[in-house]
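Read through the structure below, which is laid out as structure tokens, and then see the notes.
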Amino acid sequence: ASCPARSLADDVVESSRRLSRPGSETTKGTQAISKKIDRGSTQFGSEKSQTAAENTIRDILENSQSAQAGPKTVIIRDGSGRGVKLNNGEFDTFFKPGGK
């Protein structure tokens, strides 16, 4: 039996489950979405959880409108301007429309 092809979204979601730093119990995804919510970004909902982060990552990547690539980073944005920043292909953080 063949296994289904993994998508970029699958890989990015999986990398967002890494701990934000050694010894932490917070994932990169939860930390990133919590920072956006705490700073008043309404485009990311109100739930500070890994599930909310994963849903947001999938939503942005599956509805991507643009990508900006650097030597090691890529920022992929949806039509509303929300973005996901990848560092060496792994989840790094979210970008709000028009900024970081």
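Along the sequence shown, residues are numbered consecutively beginning with 1. No experiment lies behind these values; they were computed from the predicted model shown.
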**Report entry** Thr56 and Arg82: CA distance, side-chain angles, deciding distance, side chain to side chain contact (heavy atoms under 4.5 Å, CB included) verdict
**Finding:** CA-CA 9 Å; Thr56 302; Arg82 295 183 309 169; 3.7 Å; yes
**Report entry** Pairwise distance CD1(Ile33) to NZ(Lys48) - rounded to 0.5 angstrom
**Finding:** 10.5 Å
Query - Minimum-distance pair of heavy atoms, taken over all atoms of Val74 and Ala67 - result: CG1-CB, 4.5 Å
Report task. Please report the closest heavy-atom contact between Leu19 and Ser24, naming both atoms and the distance. Result -> CD1-O, 3.1 Å
Requested in this report: Examine the side chains of Asn63 and Asp59 and answer whether a donor and an acceptor come within less than 3.5 Å of each other.
Outcome: yes
Query - Closest contact, heavy atoms only, Arg17 versus Thr27 - result: O-CG2, 3.4 Å
Report summary line: Rounding to 0.5 Å, atoms CD1 (Ile60) and NZ (Lys85) come to a distance of 14.5 Å
Query raised in the report: Is there side-chain contact between Ser15 and Lys28, with at least one heavy-atom pair below 4.5 Å?
Result: no
Requested in this report: Please report the shortest heavy-atom distance between Phe44 and Lys36, naming the atom on each side.
Outcome: CD1-CB, 3.8 Å
Query raised in the report: Roughly how far apart are Lys72 NZ and Glu90 CD, rounded to 0.5 Å?
Result: 13.0 Å
Query - side chain to side chain contact (heavy atoms under 4.5 Å, CB included) between Asp10 and Arg58, intermediate numbers included - result: CA-CA 8 Å; Asp10 291 333; Arg58 288 189 188 283; 3.0 Å; yes
Query raised in the report: Are any of the side-chain heavy atoms of Ile57 and Phe94 separated by less than 4.5 Å?
Result: yes
Query raised in the report: Which residue, Asp92, Val12, Thr73, Ile75, forms the side chain to side chain contact (heavy atoms under 4.5 Å, CB included) with Leu86?
Result: Val12
Query raised in the report: Atom OG of Ser16 and atom CD of Gln31: how far apart are they, to the nearest 0.5 Å?
Result: 12.0 Å
Query raised in the report: What's the spacing between Lys35 NZ and Ser41 OG if we round to 0.5 Å?
Result: 12.5 Å
Query raised in the report: Are Phe95 and Val84 side-chain neighbours, meaning at least one heavy-atom pair lies under 4.5 Å?
Result: no
Requested in this report: Please say whether more than 12 non-hydrogen atoms of neighbouring residues, nucleotides or ligands are located less than 6.0 Å from CD in Gln43.
Outcome: yes
Report summary line: Gly98 and Arg77 have their tightest heavy-atom pair at N-NH1, 4.1 Å
Query raised in the report: Quick one: CZ on Arg21 to CZ on Arg18, what's the gap to the nearest 0.5 Å?
Result: 14.0 Å
**Report entry** Thr26 backbone acceptor or donor facing Ser20 side chain under 3.5 Å
**Finding:** yes
